[in-house]
Amino acid sequence: MINLEKLHAYQRGFGFFVQQLTYPEQLDFNPTGLEEYMDSSYPAYSFILQYWERMQHYSLEQLQELYVETFDFQRKSTLYMTYFKYEDSKERGAMLAELKSIYQLYGLDMVNEELPDYLPLILEFLYAVDGLTGEQAQGHLGKVIAVLEDGTYHLVKALEQYKSPYHPLLMGLRETFKACVVKEDGVQ
C-alpha cells in the first residue's frame, strides 16, 4: 500500500531523478541543481549526494558517453522497467497498455515516442501527477510503484556489476519508494 502523503511530500524529488536519467545536458549538472529538488531531509539524500558528487567530476561529453554506454548499449541496464521481467512477451504488452491507461486517467498525455515503462517517463508521471487520493489512486500508484520496484531491482544489480556511477542514484530512487510504502502491519 502506498502512503499518498509521503509520495506527495517526495514528489519534487522525482523531478531530480527524471533530469538525471535522461540524456545529459549542461544544465542538468549545475552545482546548485540538487538544491532545487531536495534537501538533507529527503529519505535517500545520502545516496543522492554520493551520486551527485561523483558526477561533478565528469565533463558534459564524458557524461553523455557514460549515459549512452550505460543505458543504451547494455541490455542489463535498460531504462525500460518491464523488459527485465517480460522481455518482449504478450504479458509485457498488456502491462504497457495498463501503464498508459493509468497515465491518461491522471491527465498525462504521452507525446513522445517512448514506451510507458520508460523509467524517466514513469518518474515524470510521479513528479507531475495531481489528485492522488482514495482507493483508486492507491491501486493505480501501487501498480506503478510495483513496476518500478521490480525494474529498478534488476537495474541496480546491473549498475552495481558495472561499477557505474549511476548506482547510488538508483539506490536513492529505491530508498524513496521504500519511504512511500506502508507495509501490511502498518509500519512504514
Side-chain angles (χ1 to χ4, degrees), residues 10-39 42-88 92 95-96 99-100 103 108-129 144-178:
Y10 304 138
Q11 203 166 7
R12 185 153 176 76
F14 289 119
F16 176 78
F17 291 108
V18 170
Q19 184 183 66
Q20 299 304 305
L21 289 167
T22 53
Y23 187 75
E25 300 293 334
Q26 188 67 45
L27 290 176
D28 298 341
F29 293 93
N30 180 321
T32 61
L34 177 60
E35 298 163 4
E36 293 177 36
Y37 293 98
M38 62 186 73
D39 60 25
Y42 198 80
Y45 191 74
S46 63
F47 286 114
I48 303 304
L49 194 56
Q50 181 183 2
Y51 160 80
W52 189 249
E53 289 172 354
R54 285 182 185 179
M55 297 308 253
Q56 297 300 313
H57 298 288
Y58 291 95
S59 70
L60 178 60
E61 185 177 305
Q62 289 171 320
L63 288 167
Q64 291 170 338
E65 287 175 16
L66 177 65
Y67 181 89
V68 170
E69 183 180 307
T70 303
F71 299 118
D72 294 341
F73 291 158
Q74 301 293 331
R75 186 176 228 170
K76 287 184 175 181
S77 57
T78 182
L79 292 176
Y80 294 95
M81 296 291 94
T82 61
Y83 182 79
F84 299 105
K85 186 172 186 176
Y86 300 112
E87 292 188 1
D88 290 325
R92 182 174 184 219
M95 180 60 71
L96 294 174
L99 286 171
K100 185 175 182 178
Y103 299 158
L108 177 68
D109 291 323
M110 294 178 48
V111 294
N112 63 15
E113 298 298 317
E114 290 300 343
L115 294 173
D117 67 338
Y118 183 58
L119 181 56
L121 179 64
I122 298 172
L123 296 173
E124 180 74 25
F125 168 72
L126 292 175
Y127 175 66
V129 70
V144 171
I145 297 293
V147 167
L148 286 170
E149 279 283 324
D150 190 46
T152 59
Y153 172 81
H154 297 284
L155 183 54
V156 162
K157 294 294 183 196
L159 295 175
E160 182 178 41
Q161 178 186 350
Y162 301 149
K163 297 182 182 5
S164 171
Y166 282 101
H167 181 258
L169 179 68
L170 270 292
M171 289 296 295
L173 181 57
R174 289 183 58 79
E175 283 297 311
T176 304
F177 301 150
K178 277 200 260 186

To the nearest 0.5 angstrom, please state how far the [atom1] atom of [X] sits from the [atom2] atom of [Y].
{"X": "Q19", "Y": "L34", "atom1": "CD", "atom2": "CG", "result": "10.0 Å"}
{"X": "E113", "Y": "Y118", "atom1": "CD", "atom2": "OH", "result": "13.0 Å"}
{"X": "K85", "Y": "M95", "atom1": "NZ", "atom2": "CE", "result": "6.5 Å"}
{"X": "H57", "Y": "L63", "atom1": "NE2", "atom2": "CG", "result": "11.5 Å"}
{"X": "E65", "Y": "L60", "atom1": "CD", "atom2": "CG", "result": "10.0 Å"}

So which atom in [X] and which in [Y] form the shortest heavy-atom distance, rounded to 0.1 Å?
{"X": "P24", "Y": "Q64", "result": "O-NE2, 3.0 Å"}
{"X": "L96", "Y": "P116", "result": "O-CG, 3.4 Å"}
{"X": "P165", "Y": "M55", "result": "CB-SD, 3.9 Å"}
{"X": "L169", "Y": "F17", "result": "O-CE2, 3.4 Å"}
{"X": "R54", "Y": "S164", "result": "NH1-O, 4.0 Å"}

Residues in side-chain hydrogen bond (donor to acceptor under 3.5 Å, both in side chains) with [X], at least two apart?
{"X": "Q62", "answer": "S59"}
{"X": "Y80", "answer": "E114"}
{"X": "Y51", "answer": "Q20"}
{"X": "E175", "answer": "K178"}

Indicate yes or no: at least one non-hydrogen side-chain atom of [X] is less than 4.5 angstrom from one of [Y].
{"X": "L49", "Y": "E53", "answer": "yes"}
{"X": "V129", "Y": "Q11", "answer": "yes"}
{"X": "L99", "Y": "L115", "answer": "no"}
{"X": "F29", "Y": "Y58", "answer": "no"}
{"X": "L79", "Y": "L155", "answer": "yes"}
{"X": "T152", "Y": "M81", "answer": "yes"}

For [X], give me all partners under ring-ring contact (aromatic ring centres under 6.0 Å, His included), at least two apart in sequence or on another chain.
{"X": "Y10", "result": "Y42"}
{"X": "Y103", "result": "F125"}
{"X": "F84", "result": "H154"}
{"X": "F177", "result": "none"}

Original post:
What residues form a salt bridge (Lys or Arg N to Asp or Glu O under 4.0 Å) with D88, not counting sequence neighbours?
Top reply: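 Partners of D88 under the salt bridge (Lys or Arg N to Asp or Glu O under 4.0 Å) test: R92.
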Subject >> All salt bridge (Lys or Arg N to Asp or Glu O under 4.0 Å) counterparts of R174, not counting sequence neighbours >> reply: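 For R174, the residues satisfying salt bridge (Lys or Arg N to Asp or Glu O under 4.0 Å) (neighbours in sequence not counted) are E149.
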Subject >> Residues in side chain to side chain contact (heavy atoms under 4.5 Å, CB included) contact with E25, at least two apart in sequence or another chain >> reply: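 Scan of E25 (side chain to side chain contact (heavy atoms under 4.5 Å, CB included), adjacent residues dropped) gives Y23, D28.
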Original post:
Taking Y67 for the side chain and L21 for the main chain, is one N or O donor matched with an acceptor at less than 3.5 Å?
Top reply: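 Answer holds: yes.
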Subject >> Any donor-acceptor N/O pair, E36 side chain to F16 backbone, under 3.5 Å >> reply: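 Flag not set: sc E36 to bb F16 has no pair under 3.5 Å.
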Name each donor-acceptor pair under 3.5 Å that joins a side chain in residues 156-163 to protein atoms two or more places apart or in another chain, with its distance.
{"unit_1": "Y162", "atom_1": "OH", "unit_2": "Q74", "atom_2": "OE1", "d": "3.3"}

Subject >> Option from T176, D117, L119 for which side-chain contact (heavy atoms from CB on, under 4.5 Å) with L148 holds >> reply: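 The side-chain contact (heavy atoms from CB on, under 4.5 Å) with L148 is passed solely by L119 among T176, D117, L119.
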**OP:** Report, as yes or no, whether the 6.0 Å neighbourhood of atom CD on E61 holds more than 12 heavy atoms from other residues, nucleotides or ligands.
**Re:**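 No, because the 6.0 Å sphere around CD of E61 holds 12 heavy atoms or fewer from other groups.
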